[in-house]
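Computation of the quantities below employed the complete heavy-atom set of this structure, encompassing side-chain atoms and omitting hydrogens, waters and symmetry-equivalent molecules. Remember, predicted model here, so these are calculated numbers, not experimental data. Both counts, for ligands and for their atoms, begin at 1 and track the order of listing.
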Amino acid sequence: MEINLTINRTTAPKQKPADENSLGFGRYFSDHMLMMDYKNGAWSQPRIEPYHRLSLDPASSVLHYAQEIFEGLKAYRRADGSIVMFRPWENAKRLNRSADRMCMPPVDVDLNVEAMRRLVELESDWVPKSFGTSLYLRPTMIANDEALGVHAAKDYIYYVICAPSGSYYATGLAPVKIKIEDQYARAVKGGMGFAKTGGNYACSIKAGDDAVKAGYSQVLWLDGEEKRYVQEVGAMNMMFVIDGKLVTAPLDGSILPGVTRDSVLTIARDEGMIVEERKLSVDELMDAIKDGRLTEAFGTGTAAVISPVGVLCYHGVDHVIGDGNIGKVSQHFYDTITGIQWGTVEDKYGWILKVKD
Ligand SMILES: *Cc1c(COP(=O)(O)O)cnc(C)c1O
């Protein structure tokens, strides 16, 4: 797609982090960012500018009423030096579904993907080389009316920043300990659980913080009404292998429709595994653990791809999943998806966008 993109290159390139093994996540940012402004009912043409601070009025609506959405996707450098992105169209479409829920204007999907591709191309020196590392893209849209009235804003800013990020698993797929949250709620029916919006995170921080203090890495949310059905983990969807079937919560409006979730389900169905997108009660889950019918549990998300769960804590009791190590099914999905990303497994679903040879 041909787009009208202005590029204003930095005259002061930053020093790149020297050690790819200690990049961490979202701590360094590249030289440029993508920007678009929404004013008078229309988006401006996209422009790439030197990375810079935003100047917002203290009354800016995003700061008061949290009308904001974001996305997260990655660009990878393959062994042959080429750079690719994974299913960016899905992120661009989801951004617009989030935008609709938050009463914000959509961004043309093709324009958005091509503008992000051009940004990554310009920042190609910022895409790290080691296996497992990536350039993480953070598209963000904020409301920016300079007034305190509570209503949909008229002015918005859309921008994309890039963060070279380290391998999630420096030493292989290490299982995590997860606490099932029985006190706080993240999302309710009719709420905004399916939207990637800061508010869902703001209301999660306390639960996550308590879990970390108790020795767990994240919480597994239950439905907001009955605290009975399993939903998802902080920034990952959850999957369980029960009686050899892959079970995950349905997209009922309160969980985030993850791109990785969809990728896993697509591969599983294609390979003949039985997939059940259905309500899974925490009681059924506990029974399946006790009976030994639950053999694996794992989270899915862009950051880690697959995150095996070794321990699930419910009402203060730790339950070890399988033998506490990564299971065969989890490993297989991890290998397949990262293989497609790194070019060692055929991309038969058309999930790869080439950025640069
Ligand atoms: C982003 C996110 C996910 C994972 O989605 P992916 O597209 O797979 O990265 C899951 N849950 C929540 C709440 C999220 O914000």
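Using a 4.0 Å cut-off between a side-chain N of Lys or Arg and a carboxylate O of Asp or Glu, Arg78 and Asp80 do not qualify as a salt bridge. Between Arg47 and Asp37 there is a salt bridge, since a side-chain N of the basic residue sits under 4.0 Å from a carboxylate O of the acidic one. Under the 4.0 Å criterion applied to side-chain N and carboxylate O atoms, Glu346 and Lys348 are not assigned as salt-bridge partners. We find that Glu277 and Arg261 are joined by a salt bridge, their nearest charged nitrogen and carboxylate oxygen being less than 4.0 Å apart. Classification of Asp223 and Lys227 as a salt-bridged pair fails, no side-chain N sitting under 4.0 Å from a carboxylate O.
Looking at Arg94 against ligand 1, only its side chain comes within 4.0 Å, counting heavy atoms. With a heavy-atom cut-off of 4.0 Å, Arg87 does not touch ligand 1 at all.
Scanning the protein heavy atoms around atom 5 (O) of ligand 1, the nearest turns out to be Gly258 CA, 3.4 Å. Atom 2 (C) of ligand 1 has as its closest protein heavy atom Lys196 NZ, 2.6 Å. Protein heavy atom nearest atom 8 (O) of ligand 1, with residue, atom name and distance: Thr260 OG1, 2.6 Å. Atom 13 (C) of ligand 1 has its closest protein heavy atom at Gly234 O, 3.1 Å. Shortest contact from atom 9 (O) of ligand 1 to any protein heavy atom: Thr302 OG1, 2.6 Å. The closest protein non-hydrogen atom to atom 3 (C) of ligand 1 is Ala235 O, 3.3 Å. Looking only at protein heavy atoms, the nearest one to atom 15 (O) of ligand 1 is Tyr201 OH, 2.4 Å.
Heavy-atom proximity to atom 7 (O) of ligand 1, evaluated over Asn200, Val259, Val264, Ile255, is greatest for Val259.
For Glu232, a nitrogen or oxygen atom sits less than 3.5 Å from a nitrogen or oxygen atom of ligand 1, counting backbone and side chain alike. Below 3.5 Å of separation, one finds no N or O of Asn91 facing any N or O of ligand 1.
Ligand 1 lies nowhere less than 4.0 angstrom from a heavy atom belonging to Glu71.
Within the 3.5 Å criterion, the main-chain N or O of Glu121 finds a donor-acceptor partner in the side chain of Ser124.
Ring planes of Phe29 and Tyr51: parallel class, angle under 30° (limits at 30 and 60°).
When only modelled atom types and interatomic distance are considered, Ser263 and Arg87 share a side-chain donor-acceptor pair under 3.5 Å.
Geometrically, Lys279 engages Tyr229 in a cation-pi contact, judged by NZ or CZ lying under 6.0 Å from the ring centre and within 45° of the ring axis.
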